Amino acid sequence: MDSKYNLIGNSKLNISKFKIKPKPTPILFNKKNGPSSPKKIRLNDESGKAVYPNNSNNKSKISIQEQRTKLPVYDKKNKLLDLIKRHNTLIILGETGTRLQNNGRIGITQPRRVAAVSVAMRVAQEYGNGETVGDTVGYTVRFEDVTSKKTRIKYLTDGMLLREAMFDNLLTEYSVIILDEAHERTIHTDVLFGIVKNAQKVREAKNLTPLKIIIMSATMDVDHFSKYFNNCQAVYLEGRTYPVNVFYTIKPHDDYQTACVATFFKIHREAPANHDVLIFLTGQEEIETVAHQIRLLSKDRDVEGPSVRVCTLYAAQPSSQQMSVFNPAPENMRKVIISTNIAETSVTISGIKYIIDCGMVKARMYHPATGLELLKVQRISQEQAWQRTGRAGRDSEGSCYRLYTRSQFEMMQKSTVPEIQRANLSSVALQLLALEIHALYFDFMDKPPEDAILAAFEQLKLLGAIENTETSTLTSLGNQMVKFPLDPRFSKVLLSAQSYGCLEEVLTIVSLLSVESILLNPPNKREHVQNVRQKFCSPFGDHITLLNIYREFSNVRQNSRSWCHEHCVNMRNILQARDVRSQLEEICRKCGITISSCGSQMDQVRKCLLTGLFMNVAELHRDRQYITVIIITLYLGMWTKDKLFQYIQAQFCMDSSPIMFYLLKLFRPQSAI
DNA sequence: GATTTGTGA
């Protein structure tokens, strides 16, 4: 188990013969005796978890039975089953599918939709008997429920199980809950920890069918998990991966972009053409500039080595471009993929021999005092570093170049701060209140900061979901808000819409605001974008502009793909908005809310938006900066938030008010109210 | 004067 990463390799590099602008510092790497093992124990069969179809095609043609016997877990199957039978809560380190004879369903959660769906398909296939997904083995994710009365093993996203828990906090449908990928510590998994733990306890006390809990994780920090689950038993499953040589730089390099380029060409000169390289950077802009530099330099006559295919990979990209990273390069060509942390867990690419890790990541932070979220580039954790390293050792031996020193590595945090400790908690607080739990007293594995919880309650109070911040019960408005799979601010806007007579419009706008941006802004087509969008622009603000775009999109009868292309609209995201919209519409209908349109009376829409989004109101200052009114008043220390709210409402109703109406998700704030 | 890591209901 300790020999997963061997440390071998040559530390002498010489890259000075390459011309790189700005003038490159030679990047020297050290071979150091790092930790002999990373923080991960994984079984290496993930063929069922391929994120994209291309990836699953390289599944070999051997039978399921043969594949099964080759799994590292195979020999330990009986021992494992025995342990599961004997313990009510169990932590499994490693990765496995499971089957268990019992009454009631087995629920297995995954952080991502694709994983839930593809693992369910694989397990259904394993089950045999000519069954298909939806029979004994099924899955439930948003927009898609492929289960039946027969279904005994149900895969679902962690967010989905959380939603189910809100209507049945004892999870009576299930006799076993398996929380997979628990080490990822998504907000949803973290809340589920407390909910399943409580359900197990209450079911036992009430003499109901016992609930078995299995936590599957790839982290070594078992003690933390075990302690939380009343010192339960933990099992290690040994994995199988190939050794990866790890190198550190001799001295620190602040300019990691240049260091990336230099290191790439060092590898490029030495390695055979079919050895692919994966580079981790923090964001779109960085990726595009490094890609540009590598493209230019690789065409330079003085540069030795095969020709290069440069692929970029980040979530905002259109999916057609994303797919291209899976196409193998021709025989005599090297493929280099430059990616954000999307390639860390969500997208798995085979054939990677080399990793270049810049050691940084862009992370979302939440500032409770102002209620604003921001993205900040910061050092990765050691766990993350090992995760990146591991992307090389999947098919064969590989190497990882870390663009930081050994001692910088040791200074890094051991593990990533769980999301729940750095997020806006208003949604979580609302969901817990639906279970009559006050978030301040919830049994978190890692408690979020108290001021973040209080800020969430403050927000819920301003929205009218609760009467005071100490309460554990919701108002009737709050109870309605819980029904929508949305940020509480958006739920509030939807529920106000009826009285403004504009639900038709608001359904669209809220859907567009709750998905990733539908607007693509390719840097080389800036003028085209401006021209083609002109006709959608509304003097009433960006929300109305978005509404106009959506309306035209839904009027396009044929070939919406080319329409999207022509108008630089992200097809994937606008289709997702359409799905969200119909889901929300359905929920409204079930609540008996009538859907009416305000025609061209856009001030109705804007007033309605304000009922939930008033915290984002900002003033435009002379230096063209937007400053939220909340920040201004907090800074001046004059007003309470209640007073602020009244002020904004009063201002809004006047005609020539100086207040700007501005949201975080807007592409170009332009509208004066 | 300029733009956004990644998930999820």
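Treat the numbers as computed from the prediction; the structure is a model and nothing was measured. The analysis underlying the following values was restricted to heavy atoms, covering all of them including side chains, and did not include hydrogens, waters or symmetry mates. Below, chain A is the first sequence line, B the second, and so on; all start at residue 1.
- Side-chain nitrogen and oxygen atoms of A:Ser517 include none within less than 4.0 Å of the OP1 or OP2 phosphate oxygen of B:dT4.
- The nearest whole Å value for the distance from the NZ atom in A:Lys362 to the C1' atom in B:dT4 is 7 Å.
- We find that CD of A:Glu144 is positioned 15 Å from C1' of B:dG8, with the value rounded to whole Å.
- The residue among A:Gly283 and A:Leu486 whose nearest nucleotide of DNA chain B lies closer to the 5′ end is A:Gly283.
- For A:Arg112, the listed nucleotide lying nearest its side chain is B:dT7; candidates were B:dT7, B:dG6, B:dA9.
- Taking the nucleotide of DNA chain B with the nearest heavy atom to each of A:Arg422 and A:Gln583, the more 5' of the two is matched to A:Arg422.
- Aromatic ring centroids of A:His438 and A:Phe457 lie under 6.0 Å apart.
- When distances are taken from the side chain of A:Ile342 to each of B:dT7, B:dA9, B:dT5, the shortest belongs to B:dT7.
- Between A:Phe193 and A:Phe225, the ring planes are perpendicular. Angles over 60° get that label, and only those under 30° would be called parallel.
- Side chains of A:Lys414 and A:Glu383 form no contact here, defined as non-hydrogen atoms less than 4.5 Å apart.
- Contact annotation: side chain of A:Glu419 to base of B:dG8, donor-acceptor pair absent below 3.5 Å.
- Using cut-offs of 30° and 60° for the angle between ring planes, the A:Phe409 and A:Trp386 rings count as perpendicular.
- A straight line from CG of A:Leu156 to P of B:dA9 spans 10 Å, rounded to a whole angstrom.
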